[in-house]
Asks: 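So that we are looking at the same thing, I have put the structure below in structure tokens.
Convention: sequence-line order gives letters A, B, ...; per-chain numbering from 1.
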Amino acid sequence: MLDQKFVRDNLEAVIQNCDLKNVHIDLEEYSTKEQRRREIIQSTQELRNKRNTVSQEIALAKKNGQNADAIIADMRSVATQIKEEEVELKEIEDYLQDILLHIPNMLHESVPHGKTEDENIEIRRHGDTTVNVEGVDHVELCSRHKLVDFARAAKISGSGFAVYTGKGAQLERALINYMLDYNRDAGYTEVMTPQLVNTEAMTGTGQLPKFEEDLYKCAHDDLYLIPTAEVSITNLHAQETLSFDQVPTRYTGFSSCFRREAGSYGKETRGLHRLHQFHKVELVSFTRPEESYDELERMVSHVESLLKSLNIPYRVILLCSGDTTFGSAKTYDIEAWSPIEQRWLEISSCSNLTDYQARRAGIRYKPQSNSKPEFVHTLNGSSLATPRLMISLLENNQKSFGIEIPEVLHSYISFKEV
RNA sequence: GGAAAGAUGCCGGAGUGGUCGAACGGGCUCGCCUGGAAAGCGAGUGUGCCCUCACGGGUACCGAGGGUUCGAAUCCCUCUCUUUCCGCCA
């Protein structure tokens, strides 16, 4: 959420920014109501001031045994007036709040302008993309080696789910453990958080109210299944003020991720490409505002080092304005190479949300031990989402005899090849 | 799921309708004292919003939301959470 005052003072820039992100909002009515809001507040405050003053006079009169009936009768109309103004104010503030929650975060100046993903910019790439182009794809590999059973997953849950079996299940578990350890060793504190969260948490990180239809909801209990651990980890510090020495704070956590993926059909959804439930290890940082863009670079290189250690060819993409998500000021995607499909697969997304989530969720810190609290900057990134990692890993490591397990995973798994 | 108790500022803890943004204690910050420290003494110490160039002023906030009243931390209703006991359960 943007600061209300910022929107008031920078209306043109905010409108332009909405355009750049392909978000269409009418801010003309907002502007009018914003002004009306301040008028009412001024008027109501004056009335309250009067009420407070006179109430004390009444108390004093009663104390002295004087009759205060006339003033009380007078104050009755003031009370009514206050109530009327409060009703209008509430209506206006609800409206303004709703609009504010639908305004995207301001983009960083370094983000290239563009409408679609075609205008994203490749920053760098690493690894050999010429090996194993002659092999078979991950769906065939999964079936041949009985690593994933899509048919039975469909039987029990429908399309878009996976049952990992045998060595497939072990490999999945090994990857998760390896990534968690790798992140922990780099200074991220490991957390294991709830996968069902309430409306406040979903609003705090920005999934609600705009993206409700992408979420699974448990209507009975008013809880949502998280689409990413970013939600529960970022909200760990919602409505808190961190002390100066708690910033930066870095977390890593594993979770299942649940996404309805309404409207996704066709080739993009084949095999492990797009699932309703998948596994992901997440990184979340809370930083000082002046350090958040350094933190973003740091996070990206950390994820890169993880991919290097697994010997996965990848490239780093800077998303253009139109492709940068709602709450993000700047996002890098990291894509792993699929040698069989001959294309790059989005496997991680690292974003600086600046103070956008912090303001929604009320996450502050004190720059110094005795200074006023300010909003932190929050960042998150995947390290990594397993399904497409699995695709790339299986395809890149297939040999004549089967699949070779990368060396860094050997201590996490009971076999060296499939 | 049933029963009971509770939720107040950074922490502990008063306060049951009228100068209560909130006593008191602790913590913290600054100053004095000291060779230095401790102890002691003095001052200060929340957040949001509105008005103001500013100084400053106003207003709201005592778990959340409603209600009663001229006036609510205090009374009423609903909800959430915590603790204890019972039930159920991996």
Asks: Report which part of the nucleic acid K62(A) touches: base, sugar-phosphate, or nothing (heavy-atom distance under 4.0 Å, all strands).
Replies: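 Contact class for K62(A): base.
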
Asks: Without decimals, in angstroms, what is the distance between F244(A) CZ and rC28(B) C1'?
Replies: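 Rounded to whole Å, this separation is 11 Å.
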
Asks: Which nucleotide wins on minimum distance to the side chain of Q45(A), given the candidates rG18(B), rU47(B), rU59(B)?
Replies: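 Within the option list, the nearest is rU59(B).
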
Asks: With P as the reference atom in both, quote the distance from rG71(B) to rA14(B) in angstrom, rounded to an integer.
Replies: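 To the nearest whole Å, 30 Å.
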
Asks: Do the rings of Y216(A) and H276(A) sit parallel, tilted or perpendicular, given the 30° and 60° boundaries?
Replies: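 Perpendicular.
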
Asks: How far, in whole Å, is rC33(B) from rA22(B) if one measures between their C1' atoms?
Replies: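 That atom pair is separated by 33 Å.
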
Asks: Between rG13(B) and rU8(B), how many Å separate the two C1' atoms, rounded to a whole number?
Replies: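 It works out to 9 Å between them.
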
Asks: Return yes if a side-chain donor-acceptor contact under 3.5 Å exists between T193(A) and Y251(A), otherwise no.
Replies: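 Not at all, the side chains of T193(A) and Y251(A) share no donor-acceptor pair under 3.5 Å.
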
Asks: Provide the distance between the two C1' atoms, one in rU80(B) and one in rG63(B), to the nearest whole Å.
Replies: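 It works out to 8 Å between them.
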
Asks: So what does N52(A) hit on the nucleic acid, given a heavy-atom distance under 4.0 Å: a base, only sugar-phosphate, or nothing?
Replies: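 N52(A): backbone/sugar contact only, no base atoms under 4.0 Å.
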
Asks: Over how many whole Å does the gap from R76(A) atom CZ to rC70(B) atom P extend?
Replies: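 Roughly 4 Å, once rounded to whole Å.
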
Asks: Can you check whether R48(A) has a side-chain N or O nearer than 4.0 Å to OP1 or OP2 of rC61(B)?
Replies: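 Answer is no, no contact under 4.0 Å.
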
Asks: Remember a base hit wins even if backbone is also touched, and classify K50(A) as base, sugar-phosphate or nothing at under 4.0 Å, heavy atoms.
Replies: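 Nothing: the residue K50(A), judged by heavy atoms under 4.0 Å, touches no strand.
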
Asks: If you draw the axis of the six-membered ring of Y293(A), does the NZ or CZ of K330(A) fall within 45° of it and under 6.0 Å from the ring centre?
Replies: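 Ring-cation test returns no.
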
Asks: Cationic tip of K33(A) within the cone over Y95(A)'s six-membered ring, i.e. under 6.0 Å and within 45° of the normal?
Replies: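 So K33(A) does make the cation-pi contact.
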
Asks: Can you check the E374(A) CD to rG48(B) P distance for me, whole Å?
Replies: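 My rounded result for the distance is 10 Å.
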
Asks: May I ask you to say what R36(A) touches in the nucleic acid, namely base, sugar-phosphate or nothing, with a heavy-atom cut-off under 4.0 Å?
Replies: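 The residue R36(A) makes no contact with any strand.
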
Asks: Using the P atoms only, state how far rU47(B) lies from rC10(B), rounded to an integer number of Å.
Replies: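 Here rC10(B) and rU47(B) have their P atoms 9 Å from each other.
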
Asks: Across all strands, who's sitting opposite rC89(B) as a Watson-Crick or G-U wobble pair, both distances under 3.5 Å?
Replies: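 No nucleotide pairs with rC89(B).
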
Asks: On RNA chain B, nearest-nucleotide positions of R364(A) versus A79(A): which is more 5'?
Replies: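 Closer to the 5' end of RNA chain B: R364(A).
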
Asks: Select from R51(A) and E93(A) the residue whose nearest nucleotide in RNA chain B is closer to the 5' end of that strand.
Replies: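 Final value for this comparison: E93(A).
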
Asks: Has R8(A) got more than 12 heavy atoms of other residues, nucleotides or ligands less than 6.0 Å from its CZ?
Replies: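 Above 12, so yes.
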
Asks: Closer than 4.0 Å, any side-chain N/O of R37(A) to the OP1 or OP2 of rC51(B)?
Replies: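 So the side-chain polar atoms of R37(A) never come under 4.0 Å of the phosphate oxygens OP1 or OP2 of rC51(B).
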
Asks: For rU83(B), what is the paired nucleotide under Watson-Crick or G-U wobble rules, both distances under 3.5 Å?
Replies: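 Checking every strand shown, rU83(B) finds its partner in rA4(B), with both distances under 3.5 Å.
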
Asks: Look through every strand shown and name the nucleotide pairing with rG71(B) as Watson-Crick or G-U wobble, where both distances are under 3.5 Å.
Replies: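 WC or wobble partner does not exist here.
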
Asks: In whole Å, I'd like the distance from the CD1 atom of I41(A) to the C1' atom of rG48(B).
Replies: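 Distance check: I41(A) CD1 to rG48(B) C1' gives 11 Å.
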
Asks: If I pick the P atom on rG56(B) and the same atom on rU45(B), what distance separates them, to the nearest angstrom?
Replies: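 Pairwise P distance, rU45(B) against rG56(B), rounds to 13 Å.
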
Asks: Taking atom CD of E407(A) as the centre, does the number of heavy atoms from other residues, nucleotides or ligands within less than 6.0 Å exceed 12?
Replies: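 No.
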
Asks: Is a salt bridge present between D294(A) and R298(A), judged by a nitrogen-to-oxygen distance below 4.0 Å?
Replies: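 R298(A) and D294(A): not salt-bridged.
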
Asks: According to the Watson-Crick and G-U wobble definitions, with both distances under 3.5 Å, which nucleotide is paired to rC24(B)?
Replies: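 When the pairing criteria are applied, rG12(B) turns out to be the nucleotide that pairs with rC24(B).
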
Asks: Only pairs with both distances under 3.5 Å count, Watson-Crick or wobble alike; so what is the partner of rC32(B) in this structure?
Replies: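 Per the H-bond distance test, rG40(B).
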
Asks: Using OP1 and OP2 only, check whether a side-chain N or O of K5(A) sits under 4.0 Å from rG48(B).
Replies: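 No.
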
Asks: Assess, by modelled atom type and distance only, whether the side chains of Q357(A) and E230(A) contain a donor and an acceptor separated by less than 3.5 Å.
Replies: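 Per modelled atom types, Q357(A) and E230(A) side chains form a pair under 3.5 Å.
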
Asks: Let's test your reading of the model: under 3.5 Å, does the base of rG18(B) pair with the side chain of Q56(A) as donor and acceptor?
Replies: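 It does not, because no donor-acceptor pair links the side chain of Q56(A) to the base of rG18(B) below 3.5 Å.
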
Asks: Report the distance from atom CD1 of I82(A) to atom P of rG58(B), rounded to the nearest whole Å.
Replies: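 Distance, rounded to whole Å: 16 Å.
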
Asks: Starting from P on rU80(B), measure out to CD on Q239(A) and report it in whole angstrom.
Replies: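 Rounded to whole Å, this separation is 19 Å.
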
Asks: Grab the CD-P distance between E57(A) and rU19(B) for me, whole Å please.
Replies: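 Between P of rU19(B) and CD of E57(A): 15 Å.
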
Asks: Taking only the C1' atom of each, what is the distance from rC61(B) to rG9(B) in whole angstrom?
Replies: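 Here rC61(B) and rG9(B) have their C1' atoms 11 Å from each other.
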
Asks: Who does rU47(B) pair with, Watson-Crick or G-U, both distances under 3.5 Å?
Replies: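 Across all strands, the one nucleotide that pairs with rU47(B) is rA60(B).
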
Asks: Between rG66(B), rG18(B), rU68(B), which nucleotide has the shortest distance from any of its atoms to the side chain of I58(A)?
Replies: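 Looking only at heavy atoms from C-beta outward on I58(A), the closest nucleotide is rG18(B).
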
Asks: Let me know the distance between CZ of R360(A) and P of rG48(B), rounded to the nearest Å.
Replies: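 Distance check: R360(A) CZ to rG48(B) P gives 19 Å.
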
Asks: Between N49(A) and rU59(B), is there a side-chain N or O to OP1/OP2 distance below 4.0 Å?
Replies: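 For rU59(B), OP1/OP2 do have a side-chain N/O of N49(A) under 4.0 Å.
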
Asks: What interatomic distance, in whole Å, is found between P of rA60(B) and the corresponding atom of rG21(B)?
Replies: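 rG21(B) and rA60(B) have their P atoms separated by 9 Å.
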
